[in-house]
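Here the structure is a predicted model, which means the values were calculated and not measured.
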Amino acid sequence: MPRVLNMWSTHQFWCGLFGALGIDRRNLVFSADTSEEQGRQFGKGRGTVDCCYPVKCIAGHYGELVFGQREKLDIVFSPMIYTVPSMLSGHVARTLTCPRVMAAPENIKGGFIKERDVFVEQGIRYVTPFVSLDEPKLVAKQLFEGGLREAIPGLTPSEMARAVEAGFLALRAFNNSLRKKSREVLEWCARENRACLLVLARPYHMDPGIGHEIEGDLQAYGYPVLWAQYFPTDPDLLEWAFGEDLRAGIIKSPFDIHDVWPSSYSANTNEILWGAKVAARIPWVACVVRLSSYECGMDQPTYTPVQQIVERSGTLFFSFQDLDSTKPAGSVKIRVETITHYLEKYAAAIIEKKKAAMPPGCPLPSQAAEKGPSASLAPSTAGST
């Protein structure tokens, strides 16, 4: 499986699904993180005319799976994911994915069959089912008829249905575990009155070759980093953050974003707008960092509203837009130093100002703990949360 695009937010579903079908985890292979070397060695000459860098990178991932494995693979599985599960489901119009991202598996495949069918030459079956992961009742049929029936001899519809259930259980368990960890980090920040940063981006910006590890550079300065997609969604925290807006009838639920974004048609876009609302309310989120790829047509309309929502609360806002294959290390270093300078200078005042603006009854601890943070919660000196 290529480690690309929507696989970043759904990979545990696929691991759970194939595990339930009896496939040993050791036989599930993901391509490596995106890198310049990967693209140069495996994707050269098989690219596509597309300004979306995360899409163009798929050629390198496919090539690595086809030509770069020690043991020969028999299937390249790259689903066209039409919708993705979201914590916002039921409170926004749809959870659709970017159409360019959704169609990428068919787009990139062209580079591997335009002169000769590389998959056939290598004895590899290419499976790319169209799947609606936000509509669970459809998924088993879509996967069964979309190529897994032929790829896994003897597979029955009932086995497929049970595997899909296992996949969703695995995905929910993974997402819940990350939100639990984010809650622990946030509680530590509240207890110690320390600032943290929230990243607003698409899940594939967690790929070091797509997001260029900017969040890791920031965390190296001692600031915990949270991602909006895995922000805690506990009812007590959301009631404190959005209760007044709910009682005033401004929103229908804590996940409702129609007050700031009426065109809620894209899952990742919806989550970025929701993250901006959360950042504006949680006092210890003293800074928001926005990441976006070069000429992303889905992200561009959100730049202004996201920045306005965040900055009106007094929260620091910085953006890294038009990220592509070039990692401007010097520029990133200067901007990271700038962000940390402003945090060092203003974070304490931002936290106090936002605390004063929030209603009483914060469910996060406000008193300094007798014991210091555990090693697992304290900010590390490298890497990301």
Side-chain angles (χ1 to χ4, degrees), residues 5-14 16 81-98 101 131-137 139 164-165 167-187 196-206 225-243 245-246 250-282 285 288 290-291 298-299 302 305-306 309-310 363-364 385:
L5 302 178
N6 289 323
M7 298 298 277
W8 276 89
S9 61
T10 64
H11 68 287
Q12 285 295 326
F13 172 84
W14 304 112
I81 302 175
Y82 177 58
T83 59
V84 289
S86 170
M87 72 282 199
L88 306 186
S89 292
H91 308 279
V92 293
R94 291 300 301 264
T95 50
L96 298 173
T97 61
C98 167
V101 168
V131 60
S132 309
L133 288 181
D134 193 44
E135 299 175 81
K137 293 182 179 179
V139 175
V164 167
E165 290 180 8
F168 279 118
L169 284 174
L171 181 61
R172 281 193 289 270
F174 177 77
N175 291 343
N176 289 339
S177 69
L178 289 191
R179 292 195 180 106
K180 180 181 178 182
K181 177 59 68 178
S182 295
R183 170 79 182 230
E184 293 173 2
V185 172
L186 200 57
E187 288 187 345
C196 64
L197 295 88
L198 184 68
V199 175
L200 300 183
R202 293 174 180 272
Y204 54 64
H205 288 112
M206 298 177 193
V225 175
L226 304 176
W227 285 73
Q229 285 80 3
Y230 299 111
F231 198 85
T233 56
D234 305 298
D236 60 343
L237 185 61
L238 298 186
E239 163 60 27
W240 180 63
F242 295 104
D245 286 355
L246 278 167
I250 298 173
I251 54 176
K252 297 178 181 177
S253 86
F255 301 109
D256 189 351
I257 59 171
H258 85 275
D259 54 326
V260 297
W261 191 244
S263 303
S264 57
Y265 50 81
S266 163
N268 290 158
T269 301
N270 295 342
E271 291 167 359
I272 287 171
L273 267 296
W274 183 78
K277 292 182 63 177
V278 167
R281 287 164 172 75
I282 303 299
V285 179
V288 165
R290 178 77 194 273
L291 307 180
M298 301 292 283
D299 276 355
T302 71
V306 166
I309 292 168
V310 173
L364 301 175
T385 301

Flag the pair [X] / [Y] as yes when at least one side-chain heavy-atom distance between them is below 4.5 Å, and no otherwise.
X: Arg179; Y: Leu226; value: no
X: Val278; Y: Val285; value: no
X: Val139; Y: Phe13; value: yes
X: Leu364; Y: Leu237; value: yes
X: Ile272; Y: Trp261; value: no
X: Cys196; Y: Val225; value: no
X: Thr95; Y: Leu88; value: no
X: Asp299; Y: Arg202; value: yes

What's the shortest heavy-atom distance between [X] and [Y], and which atoms?
X: Leu198; Y: Trp227; value: CD1-C, 3.8 Å
X: Ile309; Y: Ala276; value: CG2-O, 3.6 Å
X: Gly275; Y: Ala228; value: CA-CB, 4.0 Å
X: Asn270; Y: Tyr265; value: OD1-N, 4.0 Å
X: Ser182; Y: Pro232; value: CB-CD, 3.6 Å
X: Pro305; Y: Leu273; value: CB-CD1, 4.5 Å

Atom pair [atom1] ([X]) and [atom2] ([Y]), whose distance is rounded to the nearest 0.5 Å:
X: Thr269; Y: Ile257; atom1: OG1; atom2: CD1; value: 8.5 Å
X: Leu200; Y: Asn268; atom1: CG; atom2: CG; value: 12.0 Å
X: Glu271; Y: Ser266; atom1: CD; atom2: OG; value: 8.5 Å
X: Phe168; Y: Gln12; atom1: CZ; atom2: CD; value: 14.0 Å
X: Glu135; Y: Tyr82; atom1: CD; atom2: OH; value: 7.5 Å
X: His258; Y: Ile250; atom1: NE2; atom2: CD1; value: 9.0 Å

Short side-chain donor-acceptor distance under 3.5 Å, Asp134 and Thr83: no

Distance-only polar pair, side chains of Ser9 and Gln229, donor-acceptor under 3.5 Å: no

The single option from Ser263, Ser86, Ser264 passing side-chain contact (heavy atoms from CB on, under 4.5 Å) against Val92: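 Filter result, single survivor: Ser264.
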
Worked check of side-chain contact (heavy atoms from CB on, under 4.5 Å) between Asn6 and Tyr204: CA-CA 7 Å; Asn6 289 323; Tyr204 54 64; 5.5 Å; no

Side-chain ion pair, Asp245 and Arg281, N-O less than 4.0 Å: yes

Audit row: Lys252, Asp259, salt bridge (Lys or Arg N to Asp or Glu O under 4.0 Å) steps and yes/no: CA-CA 10 Å; Lys252 297 178 181 177; Asp259 54 326; over 6 Å; no

All side chain to side chain contact (heavy atoms under 4.5 Å, CB included) counterparts of Pro254, not counting sequence neighbours: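 Scan of Pro254 (side chain to side chain contact (heavy atoms under 4.5 Å, CB included), adjacent residues dropped) gives Leu238, Phe242, Leu246.
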
